[in-house]
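Accompanying notes for the structure given below.
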Amino acid sequence: MKKIKNFIGGEWCEPISGRYLDNVNSALGEVYSQLPDSDELDAAAAVTAASEAFEAWSKTTLEQRAILLQKMADILDRRREEFALAESIDNGKPISLSLQGDIPRAASNLRFYAGGAMHFASESHAMPNFGVNYTLRKPVGPVLSISPWNLPLHIFTWKIAPALAAGNTVVAKPSEITPMTAYLFGEICQEAGLPAGVLNIIHGLGAKAAMPVAKDPRIKAVTFTGGTATGRILAQEIAPTFKKMSLELGGKNANIIFDDCDLDQAVETTLLTSFSNQGQICLCGSRLLIQQGIYPKFKQKLLEAIQKLPVGNPMDPATRVGAIVSKSHFEKILSYIQIAKDEGGKILSGGEKLSPHGECANGYFIKPTVIEGLDNMARCNQEEIFRSVVTLQSFATKEEAISLANGTPYGLAASIWTQDLKQAHVVADALDSGIIWVNCWMIRDLRTPFGGMKQSGVGREGGWESMRFFTEPKNICIKY
Ligand code: NDP
């Protein structure tokens, strides 16, 4: 059985305690590898390696950093199929998605910030008849990156690429549920020639492996993507140290579908917003708000389309909905479906476990689930399920749609479906969401600010936002 190792100071390291955790193939329901159950000793070793490497790395030229990131992207492209397979086995996502989505996007992240390293510039502010201010932007130091299981390598690279481009060294802790591609990424660092200690990857449980790194005074910034509850714990621990913190958290995103939308396009995209990656993308729409006039037709078309969605073995190239990532997450989703029933919701589709024939019979599969008849304050409309589960609600006016959409503690993403441009602008302006799409979804220009309002996050990542986060500005004022 494959044993994953930590990657610290450019070396492959066993956990100091010698303890390992099981890693499960969720489509088969079987343990298939083991990963280090790292603790504060491994964490300290990783922070030491990152601290020792910082001085030299922070002084590399911008071109050297760009060349290395570019090399990593090229190696990842070359090993795309191997990484895609590893991602799908680890996560349960369809192989077509890993091949066309996750892994190419991870390479794009590296390439984008290779360019970022070269083009990021700081500001100057002239003061007429007096002098000039110029702002230096220095790397902040060794930083911590904590990433989730839903888009494992995609989010891992989304964080480490700008951190490295800005001249920081990194300790990265991927999710314990999906460690494999981050582990393999250590090989890419070695092949590309990334100096030892510049990127250190430790595996294990967040509280045991990542928290000691977060609290270590040698770590100057923490970038975290994960659930709101974990973000809250992390923020409570880090706040007294005043180190920089970027939190990308959960969501309860609304798709607002108006009577005048292009119905076929809205239904086709709603299938993706609801069930891509088993609905386990932070940007997925889990609340479908549909205007009264189009509600019956939209519902009928959506349910017909869901019947045709191929759900099952992630390794089948035709599969569009794969396995839920873990047993505990699978049980959480089923418990929410029960809560929805208890709160008076009507299950229109799915609502139960699916047992595919063959080798996946014991895997964690749930039929794509649609529920209607729940109040906006019902738990399934307020709490993040993260998912394979969507709810339908109807509305009469745009004011009602805005109020329903904004009526949760979250504010990550939303989509609006209408042919009326004025209506699109008015609604987009009124929504408490960090990311809004009109007549589309998941279209990403990596230069744009990415993140959420309210309990969906603190700060923004993407483009120069990430480069600003990973640098410390210092203003210098000179009199003529
Ligand atoms: P979690 O919050 O459970 O975990 C995220 C990461 O934090 C994991 O690496 C985890 O390790 C670690 N962690 C857990 N507890 C602690 C702790 N006490 N101290 C430090 N680190 C800790 O999230 P999930 O992995 O379940 O990911 C799903 C969540 O991520 C959803 O809420 C989703 O909305 C959100 N998300 C948000 C995105 C955004 O951009 N806003 C994008 C993608 C996902 P371990 O493996 O041990 O749990």
Side-chain angles (χ1 to χ4, degrees), residues 4 21-24 35-40 43 90-91 93 102 105 109 144-159 171-180 182 201-216 219 222-238 245-253 276-286 324-326 328-330 332-333 383-387 408-413 433-435 442 444 448-462 465-466:
I4 286 172
L21 300 164
D22 287 338
N23 187 24
V24 173
L35 66 144
D37 181 9
S38 304
D39 61 21
E40 70 279 3
D90 225 18
N91 174 281
K93 67 177 70 204
D102 292 67
R105 172 59 197 275
N109 291 338
L144 168 64
S145 157
I146 305 177
S147 47
W149 49 257
N150 64 326
L151 303 168
L153 195 68
H154 169 154
I155 296 181
F156 178 88
T157 49
W158 179 238
K159 292 177 171 298
V171 177
K173 211 297 279 176
S175 170
E176 143 253 343
I177 302 170
T178 53
M180 192 57 82
I201 305 163
I202 61 165
H203 299 276
L205 300 166
K208 249 170 104 175
M211 190 58 98
V213 180
K215 287 194 224 155
D216 192 307
I219 290 290
V222 177
T223 170
F224 169 83
T225 297
T228 297
T230 315
R232 186 173 288 117
I233 295 170
L234 203 57
Q236 278 165 350
E237 293 288 342
I238 299 173
M245 190 167 45
S246 168
L247 303 175
E248 300 289 343
L249 308 177
K252 197 72 200 172
N253 310 321
S276 273
N277 205 36
Q278 298 66 252
Q280 299 167 159
I281 301 176
C282 54
L283 306 168
C284 277
S286 56
I324 300 299
V325 72
S326 67
S328 66
H329 195 52
F330 168 78
K332 175 187 160 190
I333 295 170
E383 297 172 20
E384 188 184 44
I385 305 174
F386 213 63
R387 42 219 145 195
T408 79
Y410 296 104
L412 184 56
S433 275
I435 303 159
M442 269 294 262
R444 292 280 295 118
T448 58
F450 182 92
M453 297 182 182
K454 302 196 291 192
Q455 293 189 20
S456 287
V458 177
R460 293 291 183 276
E461 297 187 351
E465 302 283 345
S466 293

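In listed order, ligands and their atoms are each counted from 1. The model shown is predicted, which means the values in this text are computed figures rather than measured ones.
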Could you pull out, from [options], the option with a heavy atom nearest to [atom]?
| atom | options | value |
| --- | --- | --- |
| atom 35 (C) of ligand 1 | G226, G457, A229 | G226 |
| atom 5 (C) of ligand 1 | I385, N253, T230, T225 | T225 |
| atom 10 (C) of ligand 1 | E248, K173, R232 | K173 |

Protein heavy-atom partner closest to [atom] - residue, atom, separation in Å:
| atom | answer |
| --- | --- |
| atom 36 (N) of ligand 1 | C282 CB, 3.7 Å |
| atom 27 (O) of ligand 1 | P148 CB, 3.3 Å |
| atom 12 (C) of ligand 1 | I146 CG2, 3.7 Å |
| atom 31 (C) of ligand 1 | E384 OE1, 3.4 Å |
| atom 37 (C) of ligand 1 | L249 O, 3.1 Å |
| atom 40 (O) of ligand 1 | F450 CE2, 3.2 Å |
| atom 28 (C) of ligand 1 | F386 CE2, 3.6 Å |

Taking distance alone, with no angle check, do [X] and ligand 1 share an N/O pair under 3.5 Å?
| X | result |
| --- | --- |
| G206 | yes |
| E176 | yes |
| W149 | yes |
| S147 | yes |
| G227 | yes |

For the student: nearest non-hydrogen atoms of [X] and [Y], plus distance:
| X | Y | result |
| --- | --- | --- |
| E176 | P179 | O-CD, 3.5 Å |
| G250 | Y410 | O-CD2, 3.4 Å |
| G434 | R460 | CA-NH2, 4.0 Å |

Considering only heavy atoms from C-beta outward, does the side chain of [X] approach that of [Y] to under 4.5 Å?
| X | Y | result |
| --- | --- | --- |
| D102 | L153 | no |
| C282 | E248 | no |
| P174 | H203 | yes |
| K93 | P152 | yes |
| I155 | N150 | yes |

Whether E384 side chain and G251 backbone form a donor-acceptor pair below 3.5 Å: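 Side chain of E384 to backbone of G251: a pair is present.
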V171 and D216: side chain to side chain contact (heavy atoms under 4.5 Å, CB included), yes or no, with the steps? CA-CA 11 Å; V171 177; D216 192 307; over 6 Å; no
Would you say the side-chain atoms of N23 and D90 include a donor-acceptor pair closer than 3.5 Å?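 The criterion, which ignores hydrogens and geometry beyond distance, is satisfied for D90 and N23.
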I need the contact type for I281 against ligand 1. Using non-hydrogen atoms and a strict under-4.0 Å cut-off, is it side chain, backbone, both or neither?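 Within the 4.0 Å criterion, I281 makes no contact with ligand 1.
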Part of N150 within contact of ligand 1 (heavy atoms, under 4.0 Å):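 Within the 4.0 Å criterion, N150 contacts ligand 1 through side-chain atoms alone.
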Side chain to side chain donor-acceptor pair (under 3.5 Å) between T225 and K159: does it pass, once the steps are laid out? CA-CA 9 Å; T225 297; K159 292 177 171 298; 2.9 Å; yes
What atoms in ligand 1 come closer than 4.0 Å to a heavy atom of [X]?
| X | value |
| --- | --- |
| A210 | 20 (C), 21 (N) |
| L412 | 41 (N) |
| P174 | 9 (O) |
| I155 | 42 (C), 43 (C) |

Verdict with supporting geometry, L249 and Q455, side chain to side chain contact (heavy atoms under 4.5 Å, CB included): CA-CA 7 Å; L249 308 177; Q455 293 189 20; 5.9 Å; no
Looking at ligand 1, does A209 have a heavy atom less than 4.0 Å from it?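 A209: no contact with ligand 1 (<4.0 Å).
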